[in-house]
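In the text below, chain A, chain B and the rest are named by the order of the sequence lines, each starting its count at 1. Computed over heavy atoms, backbone and side chain alike; hydrogens, waters and symmetry mates excluded.
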2 protein chains.
Amino acid sequence: MDQPPLGRRAQQRQQRLAQILAAAEQVFATAGFEGASMAAIAAAAGLPKANLHYYFGTKEALYAALLEELLRLWLSATDAIRPDSAPDAALESYIRAKMEWSRSRPHASKLFANEVLRGAPLLSAHLAGGLRAQVEEKSAVLRGWIAEGRMAPVEPRHLFFAIWAMTQTYADFETQIRLVLDVPALGEREFEDGVATVLRLVLGGLALRA
Amino acid sequence: MDQPPLGRRAQQRQQRLAQILAAAEQVFATAGFEGASMAAIAAAAGLPKANLHYYFGTKEALYAALLEELLRLWLSATDAIRPDSAPDAALESYIRAKMEWSRSRPHASKLFANEVLRGAPLLSAHLAGGLRAQVEEKSAVLRGWIAEGRMAPVEPRHLFFAIWAMTQTYADFETQIRLVLDVPALGEREFEDGVATVLRLVLGGLALRA
DNA sequence: GGAAAGCTTGACCGGGCGGTCAACATAACC
DNA sequence: GGTTATGTTGACCGCCCGGTCAAGCTTTCC
């Protein structure tokens, strides 16, 4: 919005903040809030520990800042679901976006999973607020499609739960999937198979496919 | 297998072990391994902390014992999937069993989720061993059904990932589901809707339903 | 150029953690 | 009943954690 010349100081500050947040995302995601130590995050960021406290104050504040930032991205994925969309194309686009998010930002997904597992102490307000409102809005669209006979009848909110679960599992449970598939890491192949499976279940289950 | 008379001492020992494991399951599930403290588990069990160490030695040993016990139950749910079963009945039975497990033992499911999120440091051997073998075995059954034209072609292992994700989400992400649905707790109604949704997606997606 | 404001960092602190132990209590065995 | 094996527990320990701070450094502003 407003960046006049943006002085050298402000520039370095932005970079430091991003540097710390990136390190925190990685450490928090795999260690959880309690398991992560400020020392470990500092080491991952290549900065002294006291520096993190200068910018974020407390561990919890750093964690909260990270969650807020990621939640903004997370909520912006349902754009394709609009009343005038074609149901199959809209859902396919949504599923592909979710899957791509799991692939490109697995740490973010794991971070959410950790937070929700813990009872979402810092996120419950957002879940009951912004997320719930968005689900209600998009559910209304789906109910419209169902009423018009354009897709099979389902409880739309539970459909969202199912889609979230199936797509995020490729990030959150990556370890398990990797070990069962006996591959060193999830690659193109695995994600393509995953997308194909999820699309088949959702589109097929909703009678949006031959 | 072998319980002769089973003396008073051995009886009390069994009870103590169960008592500690039950408390540990609850605390580890919501706090994670690092977040849980032996003091908290002891308090939940109504025993002094030193008593837990007498029976299990270390925190990690207690955690490992718990995981092993729960894994045994977890692996016993695929019994319905056999070559001579009807695909739709077998998968429906499997899904219902998984969903019931999420409902009756949410702590156990959360415990697994926590462990896998952390990279499964204590479970990776079992995942690459027993679980993988079981998935391969059951996948072979599904491939047989597909070859006979009794269900739509899918990568069976990814189908399992999808079913696990959809069913376990009702335990692991219970907080999120509860907040989005705006209910104080997940009850019969919510689980029935969940079962119906998962069944529709899986059976419909695999062309096992009208 | 000099003062003020913002940033960096090693050293330090109290508290809570997992784990230990010695002293005691209770059950089992002859 | 006395001896031994097993269970119980409060008190304690060293360690690592999140957080603080003062001293020094760098940029900004006049």
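Under 3.5 Å, the side chain of K59(B) and the base of dG19(C) form no donor-acceptor pair of N or O atoms.
Scored by the side-chain hydrogen bond (donor to acceptor under 3.5 Å, both in side chains) test, H53(B) finds no partners at all (sequence neighbours excluded). Annotation: ring pair (Phe, Tyr, Trp, His ring centres under 6.0 Å) contacts of Y94(B) (sequence neighbours excluded): F160(B). For the ring pair (Phe, Tyr, Trp, His ring centres under 6.0 Å) test, no residue two or more places apart in sequence or in another chain qualifies with F173(A). Residues meeting the side-chain hydrogen bond (donor to acceptor under 3.5 Å, both in side chains) test with Q19(B), sequence neighbours left out: R16(B). W164(A) pairs by the ring pair (Phe, Tyr, Trp, His ring centres under 6.0 Å) definition with W74(A), F161(A), not counting sequence neighbours.
When rounded to the nearest whole Å, the span between CG of L62(A) and C1' of dG19(D) equals 14 Å. Atom-to-atom, CD of Q15(B) to P of dA27(C) comes out at 14 Å; the value is rounded to the nearest Å. Atom-to-atom, CG of L52(A) to P of dC17(D) comes out at 14 Å; the value is rounded to the nearest Å. Here the C1' atom of nucleotide dC7(C) and the CD1 atom of I20(A) are 12 Å apart, to the nearest Å. The CG-C1' distance, from L17(A) to dG6(C), rounds to 14 Å in whole Å. The distance from atom CZ of R13(A) to atom P of dT8(C) is 9 Å, rounded to the nearest whole Å. Spacing between atom CD of E60(A) and atom C1' of dC17(D) amounts to 15 Å, rounded to whole angstrom units. As rounded to whole Å, 15 Å separates atom P of dT9(C) from atom CE of M38(A).
With salt bridges taken as basic N to acidic carboxylate O contacts below 4.0 Å, one links R96(B) and E92(B).
You'll find that the side chain of A50(B) is closest to dC21(C), out of dT8(D), dC21(C), dG19(D). Candidate nucleotides dG18(D), dG10(D), dG19(C) were compared by shortest atom distance to the side chain of S37(A), and dG18(D) ranks first. Closest to the side chain of H53(A), out of dG19(C), dG6(C), dG19(D), is dG19(D). Checked against dT8(C), dT20(C), dT8(D), the side chain of Y55(A) finds its nearest nucleotide in dT8(C).
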**OP:** I would like to know whether L62(A) and Y55(A) meet side chain to side chain contact (heavy atoms under 4.5 Å, CB included); could you show each step before the answer?
**Re:** CA-CA 9 Å; L62(A) 168 56; Y55(A) 280 106; over 6 Å; no
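Close to dG7(D), at under 4.0 Å from its OP1 or OP2, lies a side-chain N or O of Y54(B).
Side chains of Y63(B) and E115(B): a donor-acceptor N/O pair is present below 3.5 angstrom, by distance only.
Comparing R16(B) and K49(B), the nucleotide of DNA chain D nearest to each residue sits closer to the 5' end for R16(B). Position along DNA chain C of the nearest nucleotide to N51(A) versus E34(B) favours N51(A) as the more 5'-ward residue.
Within the nucleic acid shown, A42(B) has no heavy atom closer than 4.0 Å to any nucleic acid atom. Within 4.0 Å of A40(A), counting heavy atoms only, lies no atom of the nucleic acid at all.
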**OP:** Sugar-phosphate means primed atoms, P, OP1 and OP2; the rest is base. With that split, encode nucleotides 24-30 of chain D 5' to 3' as B, S or - using protein heavy atoms under 4.0 Å.
**Re:** --BBS--
